[in-house]
Amino acid sequence: MDPFEDTLRRLREAFASGRTRPAEFRAAQLEGLGRFLRDNRQLLLDALAQDLHKSTFEAEVSEIAISQSEVDLALRNLQAWMKDERATQLDSAFIRKEPFGLVLIIAPWNYPLNLTLVPLVGAIAAGNCVVLKPSEISKSMEKVLAEVLPRYLDQGCFAVVLGGPAETAQLLEHRFDHVFFTGSPCVGKIVMAAAAKHLTPVTLELGGKNPCYVDDDCDPQTVANRVAWFRYFNAGQTCVAPDYVLCSPETRERLLPALQNAIARFYGDDPQRSPNLGHIISQKHFKRLQGLLGCGRVAIGGQSDESERYIAPTVLVDVQETEPVMQEEIFGPILPLVSVRSLDEAIDFINRREKPLALYAFSNSSQVVQRVLAQTSSGGFCGNDGFMHMTLASLPFGGVGNSGMGRYHGKFSFDTFSHHRACLLRSPGMEKINDLRYPPYSLRNLRVLLVAMEERRCSCTLL
Ligand code: NAD
């Protein structure tokens with residue numbers, strides 16, 4: 001017995017009926033999402049606190065407000081995004097943005113509201129039916145999404161399904177028209193292989209190790225504040241967090257007291273009691289991170305408490321490239337400082353590894369920042385700050401290579417969930433002029449055609 005069969009059939013039929021296509025329907029669903037966020041603010045804050053010990057501040061900025069702002073942006077721009085885009089000046093060629101059909105969104109646990117709702121906004125705005133599969137690991141939020149969210153949406157067109165790896169694998173055996181997956185590269189490969197069986201296009205929002213280069217020419221306290229905030233935000237369980245710092249041994253010595261100072265200022269003398277520091281999502285991840293504390297030498301922090309899944313904001317030094325902390329994505333409040341002798345060595349270090357989701361460079365010299373940008377590749381880049389680039393809806397968010405494929409946020413989400421259909425409407429008259437293209441072919445006609453091709457390919461059709 002396939003538990004998804006009936007739901008998927010119902011959603012496919014709803015899409016085929018054309019119900020999701022009118023702008024009014026899409027706007028009504030987006031408004032429903034907005035109401036869901038406003039009516040259930042406390043419930044959402046409680047769920048995030050239960051799952052991740054997420055503070056109200058972090059929950060608001062990184063989950064609730066950002067989802068609400070995506071809803072508002074889509075509502076403001078829906079009509080403009082849906083409009084056909086004219087492709088030629090002279091005749092009627094245009095790009096029509098069509099919904100794909102039935103799309104599947106699979107979400108992770110670290111920003112369990114944001115990473116479910118923000119893609120959902122794009123999928124609804126583009127006119128699709130949607131199956132949402134939240135993470136089974138962020139249990140409190142999974143419950144809210146399964147029990148409360150559907151009340152705010154047309155349940156004939158949108159469904160929340162539950163399950164872990166086995167159920168998701170079973171779900172992926174079905175044909176979808178697009179799969180949007182956020183999670184680890186390893187599971188991303190499983191998702192892509194399953195989608196390939198149906199030739200279903202995928203967006204893969206994956207993770208990896210994000211390098212952070214710190215130049216000698218910098219103010220160490222400013223850099224430490226920014227790096228520490230972004231590394232320890234959500235207890236380091238952020239796909240775009242700086243994963244490790246590359247700097248000279250001299251800068252390392254200047255950064256250490258500055259990091260110590262930033263950590264004490266942010267989280268107090270006993271970070272375990274701080275309401276501002278998140279905790280680790282599960283026992284399994286706690287154990288994994290505890291293991292990483294044994295790499296290199298602990299310079300700051302290093303304490304842990306299994307009963308609260310607490311890991312102190314930690315800085316490691318003297319780590320070897322071969323140690324696990326430099327081999328796997330850390331995804332926790334641990335920051336290794338890796339020594340390099342020069343900018344060239346840092347760039348080489350970065351380029352010898354998989355392309356990251358985000359890359360950071362700190363320097364008072366814009367030339368240094370520009371060199372890191374020019375000589376490396378990553379999903380996104382931010383000079384002299386942490387992951388602020390991903391807060392802008394006017395920038396695409398996504399990875400490259402091992403960190404993923406595809407992009408979303410703002411209009412990029414709408415485009416990701418739309419097929420860009422190439423359309424041309426021609427006149428049934430003026431058949432005489434088409435004689436030029438029909439056999440019997442002649443050199444004279446060919447010459448006329450070639451001139452037309454050169455000059456007019458972007459302004460009108462050839463003939
Ligand atoms: P994960 O890959 O383990 O799980 C993600 C989703 O896939 C969950 O819904 C889970 O139920 C499902 N899943 C897990 N194993 C599966 C399997 N074998 N078959 C089918 N489905 C399966 O990721 P996670 O632990 O939830 O999240 C952490 C990872 O996600 C990190 O690598 C992080 O960098 C990445 N991430 C990326 C982004 C981004 O925007 N690029 C955002 C957040 C997290």
Side-chain angles (χ1 to χ4, degrees), residues 4 51-52 62-63 66-67 70 104-119 122 131-139 141-142 145-146 160-174 176 179-195 197 202-210 230-231 233-243 280-286 288-289 327-332 354-359 378-380 387 389-391 395-409 412-413 416:
F4 304 114
D51 287 337
L52 289 146
S62 67
E63 304 257 21
I66 204 157
S67 303
E70 284 281 326
L104 170 63
I105 296 174
I106 303 175
W109 49 261
N110 59 333
Y111 291 89
L113 181 70
N114 172 337
L115 298 171
T116 311
L117 255 55
V118 173
V131 175
L132 276 182
K133 211 301 285 173
S135 172
E136 74 287 6
I137 296 177
S138 37
K139 288 199 183 316
M141 184 57 77
E142 184 195 39
L145 292 171
V160 179
V161 302
L162 305 181
E167 293 79 7
T168 313
Q170 194 178 9
L171 185 60
L172 281 164
E173 283 171 18
H174 292 271
F176 290 92
V179 176
F180 186 104
F181 169 80
T182 307
S184 56
C186 157
V187 178
K189 289 175 191 168
I190 295 173
V191 170
M192 194 168 174
K197 294 208 174 107
V202 290
T203 301
L204 300 179
E205 297 283 341
L206 310 178
K209 290 183 82 62
N210 305 312
F230 286 105
R231 171 73 283 191
F233 195 98
N234 200 27
Q237 300 164 113
T238 305
C239 56
V240 280
D243 188 275
I280 306 308
I281 184 75
S282 68
Q283 221 64 25
K284 182 177 150 215
H285 283 277
F286 173 85
R288 181 184 64 79
L289 288 162
Q327 296 288 318
E328 63 187 68
E329 178 180 6
I330 297 172
F331 225 56
E354 297 284 9
K355 290 184 182 179
L357 183 60
L359 205 159
S378 61
F387 44 81
H389 61 291
M390 67 156 292
T391 62
L395 285 177
F397 178 66
V400 59
N402 197 62
S403 54
M405 60 185 70
R407 63 207 65 76
Y408 75 127
H409 286 186
F412 301 102
S413 299
T416 281

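What you see below is based on every heavy atom in this structure, not just the backbone, and it leaves out hydrogens, waters and symmetry mates. Note that ligands are numbered from 1 as they come in the structure, with each ligand's atoms numbered from 1 the same way.
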*Asks:* Can you label the angle between the Tyr408 ring and the Phe180 ring as parallel, tilted or perpendicular, going by 30° and 60°?
*Replies:*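 Tyr408 vs Phe180 ring planes: perpendicular.
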
*Asks:* Any side-chain heavy-atom pair from Asn402 and Lys355 closer than 4.5 angstrom?
*Replies:*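 No, too far: nothing below the 4.5 Å cut-off.
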
*Asks:* Mind checking whether Phe4 and Glu167 have side chains closer than 4.5 Å, heavy atoms only?
*Replies:*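 Answer yes - side chains close enough.
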
*Asks:* Nearest 0.5 Å, what's the OG1-CG distance between Thr238 and Asn110?
*Replies:*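 Answer rounded to 0.5 Å: 6.5 Å.
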
*Asks:* Polar pairs, ligand 1 vs protein, N/O only, below 3.5 Å.
*Replies:*
| residue | atom | partner | partner atom | Å |
| --- | --- | --- | --- | --- |
| ligand 1 | 2 (O) | Ser184 | N | 2.9 |
| ligand 1 | 2 (O) | Ser184 | OG | 2.7 |
| ligand 1 | 9 (O) | Ala107 | O | 2.7 |
| ligand 1 | 9 (O) | Lys133 | NZ | 3.0 |
| ligand 1 | 11 (O) | Lys133 | NZ | 2.8 |
| ligand 1 | 11 (O) | Glu136 | OE1 | 2.6 |
| ligand 1 | 25 (O) | Trp109 | NE1 | 2.9 |
| ligand 1 | 26 (O) | Trp109 | NE1 | 3.2 |
| ligand 1 | 30 (O) | Gly183 | O | 3.3 |
| ligand 1 | 32 (O) | Glu329 | OE1 | 2.7 |
| ligand 1 | 34 (O) | Glu329 | OE1 | 3.3 |
| ligand 1 | 34 (O) | Glu329 | OE2 | 2.5 |
| ligand 1 | 41 (N) | Glu205 | O | 3.4 |
| ligand 1 | 41 (N) | Leu206 | N | 3.3 |
| ligand 1 | 41 (N) | Leu206 | O | 2.7 |

*Asks:* Measure the shortest side-chain to side-chain distance between Pro242 and Asn210 over non-hydrogen atoms and say whether it is less than 4.5 angstrom.
*Replies:*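 Sidechains of Asn210 and Pro242: no contact.
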
*Asks:* Side chains of Met192 and Phe181: closer than 4.5 Å at any heavy-atom pair?
*Replies:*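 Of all side-chain heavy-atom pairs linking Phe181 with Met192, none is under 4.5 Å.
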
